[in-house]
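The sequence lines fix the lettering, A, B, ..., with proteins before strands; numbering per chain opens at 1. Since the model is a prediction, treat every value here as computed from it, not as a measurement.
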Amino acid sequence: MSNHNQPDKAELCSLFRRFIAPEFVISDAETLKPYECDGLSMYCEMPLIVVLPETVDQVQEVLRICHRYQIPVVARGAGTGLCAGAMPNATGVVLSLAKFNHILEINSQTRTARLQPGVRNLAISEAAAEYGLYYGPDPSSQIACTIGGNVAENSGGVHCLKYGLTVHNILSVEMITVEGDKILLGSDGLDSCGLDLMALITGSEGLLGVITEIQVKLLPIPEKAQVVMAAFDTVQQAGDAVGGIISNGIIPAGLEMMDTHAIQAAEDFARAGYPKGAQALLLCELDGTTEEVQEYIEQVEKLFLTYGATSIRTSQTEAERALLWKGRKSAFPAVGRISPDYYCMDGTIPRSQLAHVLTEMQTMSEHYQLRVANVFHAGDGNLHPLILFDANVPGEFEKTEEFGGKILELCVAVGGCITGEHGVGIEKIRQMPVQFNQQELQQFNAIKEAFDPKGTLNPGKGIPTLRRCQEYRSIEPSEEVNHG
Amino acid sequence: MADISPQIQQQILDARRDKRQLNIVAGNSKPFMGRQTHADTLNVSQHRGIISYQPVELVLTARSGTPLTEIEALLDEHNQMLAFEPPRFSAHSTIGGTLACNLSGPGRPWSGSIRDHILGVRLINGLGEHLKFGGQVMKNVAGYDVSRLQAGAMGTLGVLTEVSLKVLPKPAAVSTLSWELEAKQAIRMMNELAGKPKPISAACWIEGRLYIRLSGAQSAVDATIKEWHGSEEPDADNLWLALRDQQLSAFQSTDPLWRLSINAAADVAPLDHLSIIDWGGAQRWYRGHQDKYEMETLAERAGGQVSLYTGGDRTADVFHQPVPALQEIQKRIKASFDPDGILNSGRLYSWM
Ligand SMILES: Cc1cc2nc3c(=O)[nH]c(=O)nc-3n(C[C@H](O)[C@H](O)[C@H](O)COP(=O)(O)OP(=O)(O)OC[C@H]3O[C@@H](n4cnc5c(N)ncnc54)[C@H](O)[C@@H]3O)c2cc1C
């Protein structure tokens with residue numbers, strides 16, 4: 001890049017310090033270090049500068065300055081993402097939303113909450129509880145991850161089969177454009193006129209704008225919730241049992257499966273009473289009115305037995321329900337204890353393909369000589385294979401990545417997709433062309449250009465950039481940013 | 001039952017070459033929606049047929065010209081449904097048109113809109129490229145959500161050719177309770193009841209009565225009826241259908257019909273003819289010759305937006321005007337799909 005007026009690092013810092021408290025403009029290596037990666041720590045990069053603005057005005061001003069000098073901007077919530085979406089850009093600024101951690105309003109009458117983007121997911125439900133309300137989407141990382149990050153990734157959770165993903169649970173989003181303009185997408189109403197830009201922003205991984213406020217819908221806390229745990233001798237039987245529940249017209253609040261490796265790891269970690277000899281375990285949560293839960297629990301217990309469950313346990317107290325979930329919700333760290341490192345994949349498949357996909361995966365596991373444990377949002381087909389490896393063994397991470405890539409290709413081949421909820425980031429950008437052809441990728445890039453013509457928002461993530469065809473040419477390649 | 005997408009693609013390429021604009025038509029059940037435009041007709045009604053349906057997966061894929069009646073008949077056989085209760089303005093309403101107009105019925109606040117149930121689409125953009133976005137699985141966050149972006153775009157971004165949807169089991173039991181109430185009290189009560197963990201599936205207010213529909217397990221519906229002491233409506237199914245399809249007498253007039261999509265609890269100053277409150281308070285219908293700009297101000301004060309649904313001057317803009325920054329982005333998105341402005345240009349807004 002040959003821009004003579006380009007400020008150097010020190011000049012940029014002093015520009016930011018004119019309106020942001022000096023201690024919140026970070027430029028020394030030691031303080032920058034914690035920002036070098038997100039939850040996928042295999043991908044690291046040190047940023048040029050990290051800023052932690054405290055007001056929306058400051059966010060706007062940061063964006064204006066970066067836009068003027070074409071400096072890459074990477075928005076960051078809690079950094080729990082699993083696709084290196086929040087990994088910094090070496091020549092860019094990390095814009096942390098950590099200071100925006102206030103719940104602005106909880107309206108019990110309309111069952112909505114207005115939130116700053118840095119509010120933690122769990123904090124919303126905790127604050128809403130006194131009104132008998134909660135926020136639906138519950139990623140396993142909910143203690144730490146932020147609502148801004150959830151919108152940027154369209155995060156799900158174990159309850160999204162019944163209650164939907166982030167996109168189904170938000171009403172409006174305030175966003176700052178790359179030029180620093182503030183816009184409001186959506187409204188207090190349920191549908192808005194014109195193009196549904198809020199749908200486009202949800203899951204856009206910080207590539208289209210920076211989210212500064214979110215209005216979410218809250219739900220009444222169900223009268224009752226109970227979970228049935230069932231063990232099976234084969235994955236096939238467990239998969240069929242899931243189909244059986246759905247065919248009977250029951251939509252459980254959550255329906256999760258674990259394979260034998262995940263069961264053992266989770267049990268050693270959480271001591272939830274999981275049967276360690278089982279090949280597959282199902283957790284099926286039913287919620288609703290007291291009468292309804294009782295009715296469905298009986299049906300589900302019967303169905304599980306019909307489909308060959310070898311043991312069944314139904315939670316009788318809230319403490320027992322929490323315990324049964326604890327194993328599942330801590331499956332990632334649990335697997336982390338039985339292996340020096342693990343790599344979490346995130347494909348989605350049609351449920352009917354589960355047994356086939358797991359068998360294929362076992363073959364690959366033998367080929368690559370790497371163990372794999374599976375946790376599965378069985379209700380909606382979202383598979384999380386956890387590949388166990390040791391980063392200290394030279395070449396093992398590369399082998400793991402290749403294995404992971406093959407799993408994602410398999411997901412696409414059986415009619416699924418490369419990511420159900422963790423996003424593309426940098427991690428899965430190589431698999432994007434497996435799911436999308438050249439023209440489709442070009443359409444994505446054209447949408448990106450509609451928001452961010454110079455490509456300075458989270459560059460290099462989400463969508464592979466191609467040489468643009470004549471139709472879309474609006475910038476010269478030499479103007480493209482970030483190559484320093 | 002035919003795939004005519006190659007022909008559609010050719011017609012778009014021809015129009016592009018000849019610099020002609022096209023007006024996409026399928027069942028022609030909603031010519032009154034959006035703005036009036038003048039363009040050659042691109043008829044896609046023959047592009048129809050259900051491509052796949054797996055009841056256990058809760059997923060159905062159909063060509064865009066497939067009539068809703070055909071889809072619902074098949075779902076019926078497996079005791080499943082389109083949970084967004086698509087309105088139909090004639091027997092020919094298609095799934096593609098329903099998506100393009102983002103039409104959903106009374107259950108919208110609880111079971112979601114068509115936008116919420118969309119899993120994937122195929123579409124032909126203004127360059128004649130046949131593209132696929134999303135898929136046939138419940139969760140998919142690869143790339144931007146172009147599928148949901150089609151909801152309410154009114155065909156301005158492409159000709160939809162295939163739609164994949166999440167379908168749901170029908171509830172075991174449905175009942176409706178009603179109370180005689182003033183509009184203001186009805187709005188308060190709708191919001192209050194919606195905050196309770198009971199199986200509400202719709203709430204509307206029509207001509208002095210509040211109606212609450214309950215759907216779910218028989219035991220849950222029965223217990224709620226006992227607790228809430230409303231009078232049970234005998235012929236409620238027809239009421240909800242008539243509300244969904246705008247067949248109620250309150251809809252029968254040639255005066256302009258306004259749709260407000262606003263804060264569910266908003267206290268809107270009474271207009272000449274307050275007709276109907278739906279969606280638990282979040283959708284309100286008015287009849288009358290109001291000024292569009294004044295209606296926009298009113299809607300904004302109520303936290304939402306207005307559109308001139310039917311009647312009035314349909315050569316002017318009929319949907320709520322976005323602020324200039326949002327107009328600019330929408331124009332650019334339109335151009336990214338349809339750089340020559342061939343497809344349904346002007347149908348949504350005069351400026352795109
Ligand atoms: C143990 C563990 C369990 C997990 N379980 C789940 C799960 O069950 N379901 C699930 O969906 N995910 C899960 N995740 C992934 C992760 O927690 C989610 O993606 C989460 O939404 C990320 O939030 P964050 O605040 O940490 O965002 P970050 O990691 O900081 O950022 C994520 C992306 O969003 C962008 N971004 C962040 N804030 C903004 C903003 N304000 N404006 C614009 N862009 C922004 C970033 O640029 C980045 O691309 C899990 C992660 C871990 C570590």
Chemist: Can you tell me which of B/Asn140, B/Val306, B/Asp222 forms the most heavy-atom pairs within a distance under 4.5 Å of chain A?
Modeler: B/Asn140
Chemist: Compute whether any side-chain donor of one residue and acceptor of the other, for A/Glu295 and B/Ser219, lie under 3.5 angstrom apart.
Modeler: yes
Chemist: Give a yes or no answer on whether the side chain of B/Gln283 reaches the backbone of A/Leu190 with a donor-acceptor pair at less than 3.5 Å.
Modeler: no
Chemist: Could you tell me which non-hydrogen atom of B/Pro197 sits nearest to which non-hydrogen atom of A/Ile221, and how far apart they are?
Modeler: CB-O, 3.2 Å
Chemist: With side chains defined as the heavy atoms from C-beta onward, is the minimum distance between A/Asp380 and B/Leu58 less than 4.5 Å?
Modeler: no
Chemist: Between A/Phe444 and B/Tyr144, how do the two ring planes meet: parallel, tilted or perpendicular, split at 30° and 60°?
Modeler: perpendicular
Chemist: Nearest 0.5 Å please: distance from the CD atom of B/Glu129 over to the CD atom of A/Gln442.
Modeler: 6.5 Å
Chemist: For the NE2 atom of B/His117 and the NE2 atom of A/His168, what is their distance to the nearest 0.5 Å?
Modeler: 7.5 Å
Chemist: Going by heavy atoms in the side chains, are B/Leu348 and A/Leu195 under 4.5 Å from each other?
Modeler: yes
Chemist: Is it the backbone or the side chain of A/Phe436 that comes under 4.5 Å from a heavy atom of chain B, or both, or neither?
Modeler: side chain
Chemist: Show the nearest heavy-atom pair for residues B/Val56 and A/Gly243, with the distance to one decimal.
Modeler: CG1-CA, 3.3 Å
Chemist: Taking atom CG of B/Leu149 and atom CG of A/Leu200, what is their separation to the nearest 0.5 Å?
Modeler: 5.0 Å
Chemist: Of all heavy-atom pairs between A/Leu197 and B/Ile333, which one has the smallest distance, and what is that distance?
Modeler: CD2-CD1, 3.3 Å
Chemist: Go through B/Gln330, B/Lys139, B/Gln327, B/Arg332 and name the one with the most non-hydrogen pairs under 4.5 angstrom from chain A.
Modeler: B/Lys139
Chemist: Would the distance check show the side chain of A/Glu440 and the main-chain N or O of B/Lys132 forming a donor-acceptor pair, the cut-off being under 3.5 Å?
Modeler: yes
Chemist: Using a 4.5 angstrom heavy-atom cutoff, name the option from B/Ala265, B/Gly281, B/Ala266, B/Gly304 with the most pairs to chain A.
Modeler: B/Ala265
Chemist: What are the two closest heavy atoms between B/Arg115 and A/Asp196, and how far apart are they?
Modeler: NE-OD2, 2.7 Å
Chemist: Looking at B/Ser104, B/Pro169, B/Pro55, B/Ala151, which has the largest count of heavy-atom pairs under 4.5 Å with chain A?
Modeler: B/Pro169
Chemist: By the definition side-chain hydrogen bond (donor to acceptor under 3.5 Å, both in side chains), identify the one residue from A/Asp188, A/Thr110, A/Thr112 that meets it with B/Asn263.
Modeler: A/Asp188
Chemist: Say whether, by atom type as modelled, one donor and one acceptor occur between the side chain of B/Ser261 and the main chain of A/Asp191 under 3.5 angstrom.
Modeler: yes
Chemist: Using a cut-off of under 4.5 Å on heavy-atom pairs, state which of A/Lys428, A/Glu292, A/Gln439 scores highest against chain B.
Modeler: A/Gln439
Chemist: What are the residues of residues 346-353 of chain A, in order of number, with any heavy atom under 4.5 angstrom from a heavy atom of chain B?
Modeler: A/Thr348, A/Ile349, A/Pro350, A/Arg351, A/Ser352
Chemist: Looking at A/Ser187, A/Gly381, A/Gly415, which makes the most heavy-atom pairs under 4.5 Å with chain B?
Modeler: A/Ser187
Chemist: With rounding to the nearest 0.5 angstrom, report the CZ to CE distance, B/Arg148 to A/Met198.
Modeler: 10.5 Å
Chemist: If only atom types and distance count, is the side chain of B/Gln305 paired as donor or acceptor with the main-chain N or O of A/Cys193 below 3.5 Å?
Modeler: yes
Chemist: Only pairs of heavy atoms separated by less than 4.5 Å count here; which of B/Gly135, B/Ser147, B/Ala194, B/Gly152 has the most with chain A?
Modeler: B/Ala194
